[in-house]
Amino acid sequence: MNLGRLKIGLILLLSLSGFAISVQLALGKKKDKHPTANPQMDEQKQAVHALNRLTFGPRPGDVDHVLAIGVDKWIDQQLHPEKINDDALDARLSPFRTLRMDTREIVQNFPSEQMIKAVADGKQSLPSDPLKRAVYQAQLERYQDKEDRKQQTAVAGADKVADDERTRRQQERAAADEKIEELLDLPTDQRMKAVLEMSPEDQRALTGALQGDKRDEFMEGMNPRQRETVEALDHPQQVVNNELVEGKLLRAIYSDRQLQEVMTDFWFNHFNVFIGKGADRYLLTSYERDVIRPRALGKFEDLLVATAQSPAMLFYLDNWLSVGPNSDVANGIPKQANNQSRRRIRNKAQTSQSKGKRNGLNENYGRELMELHTLGVNGGYTQQDVTEVARVFTGWTLKQPKQGGGFTFEERTHEPGDKIVLGHRIKPKGEKEGFEVLHILARNPATAKFICTKLAMRFVSDQPPQPLVDRMAQTFLKKDGNIREVLKTMLDSPEFWAPNAYRAKVKTPLEFVVSAVRASGAKVTDAMPIARQLQSMGMQLYGMQPPTGYSMKADAWVNSSALLGRMNFALSLTSGKVKGVQVNQFTEQKDPQQALAVLENSLLAGDVSKQTHDVISARLQDSKISRRKLDAPARPPNTGLIAGLLLGSPEFQRR
């Protein structure tokens, strides 16, 4: 790099750092209040506002479309997603087979270590299907290799085994690179056939060496199942997780049922489950597809019951392991014991309990159900209520979750007797006790207030106006928790449409990244690089370990480092440097200032402050001066740079 280019690079870096700081200051200055006495927005701003709040951001042409059919009609369409044709999205998702599989199918096609161990122990046979069999054999080889290293370490020592392993892997990698070059000369079908004919050890080495462009070239022309098989030879579980992540991003970017996707994201975050916990790596696909999305605009109680019975939630919060202290299982009562024997054994067990003996009651779900899912932290419950709810939900468990088993009620682990929850006596009814408690919680005024506050926080303000929350809560209680009706109350409110609500909510990293891709009109052929960008911004999809979910508030995301990361992403996106994402020329204007004016309108509907306009305009002027100093020939304006700076601006950071 010559000195002139280096100077330009340093100037750009410094200017971006300064711009990121100015963005932070501008974001901090914006007041997030919503007076209702002010006149309402004009029609253009209403369309932009609706798109910013009810979608993941407008695409080119969306504002004109909403204006053409009318804001009210467009909102009504979004509130009834079943009436919106989404075939184009379905076509994009068709290569991801796991998104259509039930959990048992996923586990069988992309085996867990537990299933591989069962094969190694002779408890399960290898599948007959050649593609599926190849995946099992590759993982069986990995498992056996791991067991062999354990034995070698015990004999030769960890350092010697580690050195030998490094040498072996280096040799395998060199051989794999040569084999890849050889296979690339073959037609696709012959290439796949050659892979299946390799030994499991060589398959793993080859697929482990497939990275970046080489991976894409190797799998070009393969059908979805062949591509999945190649990836699964190295890490079957990762195929499941990657397809789940890609599916979420593609839905957010391309679905015409945008409000449904926004609400699916909202409810998943509300009923958060962490993908990194054991069987949940397999259970989350069904959880989001079958539990959350179909009920995102339905009745809250239906959603609450579905999450309570979801294998993903039962596993995540450990309720499937909860055993009633006085249950048959805890007290060692045989299945065929008579009533007299049961009483004698239970009395003996109660004596043991008085001496401090514990019997496996797990309160995780009971606590989070009230604190995070329904009543809220100040919802009026006590620790005794937590314990009683935990007793109610004993017996709500799973059949072999690591093999894709579903919900079941196990009477023998259920705590017998009455329970008192929030002053309500729950009489012994087995599984039905849980439904009764969920019904009580779903209809509690504290739940209505808590849920409506969170909805208003997502769609209106970090500090939502209390009168609006109160009206939404009244609708919640009156309409039996109908989420669509609650949203209608919000969308009919003066608070939602108040002028100070316009671009007043700071975007989360997910909202920012997806809205930038949508605004740029980019074509996404591989969403995983976008997912990695989100991870670097602190918002890994499905990666929030605590049950609280990610924050929706600005203060969690606004700082100089984070905003500089957003700016870097915006510039990489608009310059075509995000792998798997293709952007077109933004404008054909030859003059930089004219190009800036066009892009301000197309990317931000003209909503650019004088400060932002002047900062970017000065940056363009600095570039022109720098080129003159270097005697560079005249060039057309760098529209990618202009677009990137606009996407990183305070105005675009807000929705």
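Heads up: numbering here begins at 1 and tracks the sequence.
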Engineer: So how far is it from R191 CZ to D185 CG, rounded to the nearest 0.5 Å?
Structural biologist: 9.0 Å
Engineer: Decide yes or no for F586 and L646: does some side-chain heavy atom of the first lie under 4.5 Å from some side-chain heavy atom of the second?
Structural biologist: no
Engineer: In terms of relative ring orientation, are W557 and Y550 parallel, tilted or perpendicular, with 30° and 60° separating the classes?
Structural biologist: tilted
Engineer: Closer than 3.5 angstrom, by distance alone: can the side chain of W267 be matched with the main-chain N or O of I292 as a donor-acceptor pair?
Structural biologist: no
Engineer: Between R97 (side chain only) and P224 (backbone N and O only), is there a donor and an acceptor less than 3.5 Å apart?
Structural biologist: no
Engineer: For the ring-ring contact (aromatic ring centres under 6.0 Å, His included) test, which of F407, F274, W320 pairs with F315?
Structural biologist: W320
Engineer: Could you report the tightest heavy-atom contact between V273 and Y287, atom names first, then the distance?
Structural biologist: CG2-CE2, 3.7 Å
Engineer: Please check if the side chain of D280 supplies one atom and the backbone of L283 the other of a donor-acceptor pair under 3.5 Å.
Structural biologist: no
Engineer: Between Y136 and M115, is there a donor-acceptor pair closer than 3.5 Å when you use the side chain of the first and the backbone of the second?
Structural biologist: no
Engineer: What are the two closest heavy atoms between T103 and G404, and how far apart are they?
Structural biologist: CG2-CA, 3.6 Å
Engineer: Please report the C-alpha distance between L183 and L206 in whole Å, then the side-chain angles of each, then the deciding distance to 0.1 Å, and finally whether the side-chain contact (heavy atoms from CB on, under 4.5 Å) criterion is met.
Structural biologist: CA-CA 11 Å; L183 293 178; L206 180 135; 3.6 Å; yes
Engineer: Does the side chain of Q139 pick up a donor-acceptor pair with the side chain of R142 at under 3.5 Å?
Structural biologist: yes
Engineer: Determine whether a donor-acceptor pair (N or O, by modelled atom type, separation under 3.5 Å) exists between the side chain of Q190 and the backbone of P187.
Structural biologist: no
Engineer: Side-chain contact, heavy-atom cut-off 4.5 Å: L641 with T574?
Structural biologist: no
Engineer: Go through V262 and L54 one step at a time and tell me if the side-chain contact (heavy atoms from CB on, under 4.5 Å) criterion holds.
Structural biologist: CA-CA 7 Å; V262 167; L54 306 183; over 6 Å; no
Engineer: Would you check if the side chain of T525 reaches a backbone N or O of G580 as a donor-acceptor pair within less than 3.5 Å?
Structural biologist: yes
Engineer: Strictly distance-based, threshold 3.5 Å: is any side-chain N or O of R566 a donor or acceptor partner for the main-chain N or O of A562?
Structural biologist: no
Engineer: Indicate yes or no for a side-chain donor-acceptor contact from Q258 to the backbone of A252 under 3.5 Å, with no hydrogens or angles considered.
Structural biologist: yes
Engineer: Any chance you could lay out the salt bridge (Lys or Arg N to Asp or Glu O under 4.0 Å) test for K277 and D318, step after step, and finish with the verdict?
Structural biologist: CA-CA 11 Å; K277 183 171 181 178; D318 299 316; 2.8 Å; yes
Engineer: Check whether any side-chain heavy atom of F56 sits under 4.5 Å from a side-chain heavy atom of S255, and report yes or no.
Structural biologist: no
Engineer: How about Y542 and F268: are their ring centres within less than 6.0 Å of each other?
Structural biologist: yes
Engineer: Return the minimal non-hydrogen interatomic distance between A570 and G648, and the atom names on each side.
Structural biologist: CB-N, 4.2 Å
Engineer: Of all the heavy-atom pairs spanning L233 and A134, show the shortest one and how long it is.
Structural biologist: CD2-O, 3.4 Å
Engineer: So N242 and E231, side-chain contact (heavy atoms from CB on, under 4.5 Å) or not? Walk me through it.
Structural biologist: CA-CA 10 Å; N242 286 355; E231 293 173 342; 5.7 Å; no
Engineer: So, do Q226 and V195 sit near enough that their side-chain heavy atoms are less than 4.5 Å apart?
Structural biologist: no
Engineer: Working note: E228 + R225, criterion salt bridge (Lys or Arg N to Asp or Glu O under 4.0 Å); need CA distance, chi angles, decisive distance, verdict.
Structural biologist: CA-CA 5 Å; E228 286 175 345; R225 192 178 179 206; over 6 Å; no
Engineer: Is the backbone of L89 close enough, under 3.5 Å, to the side chain of D86 for a donor and an acceptor to pair up by distance?
Structural biologist: no
Engineer: Can you say whether the rings of H270 and F266 are parallel (under 30°), tilted (30 to 60°) or perpendicular (over 60°)?
Structural biologist: parallel
Engineer: Measuring only between side-chain heavy atoms, which start at C-beta, is K146 closer than 4.5 Å to E113?
Structural biologist: yes
Engineer: Any idea which heavy atoms bring R133 and L126 closest together, and the distance?
Structural biologist: NH1-CB, 3.7 Å
Engineer: Quick one, M192 and V230 - any side-chain contact, counting heavy atoms below 4.5 Å?
Structural biologist: yes
Engineer: Report the C-alpha separation of R59 and D256 in whole Å, then their side-chain angles, then the decisive distance to 0.1 Å, and conclude whether the salt bridge (Lys or Arg N to Asp or Glu O under 4.0 Å) test is met.
Structural biologist: CA-CA 11 Å; R59 300 166 298 185; D256 287 328; 3.3 Å; yes
Engineer: Checking side-chain hydrogen bond (donor to acceptor under 3.5 Å, both in side chains) against D121, which of K123, Q124, K117 comes through?
Structural biologist: K117
Engineer: If you measure from CG on L244 to CG on L249, what distance do you get to the nearest 0.5 Å?
Structural biologist: 10.0 Å
Engineer: Has R251 got a side-chain atom pairing as donor or acceptor with E261's backbone, closer than 3.5 angstrom?
Structural biologist: no
Engineer: Would you mind reporting whether L563 and Q653 have side-chain heavy atoms less than 4.5 Å apart?
Structural biologist: yes
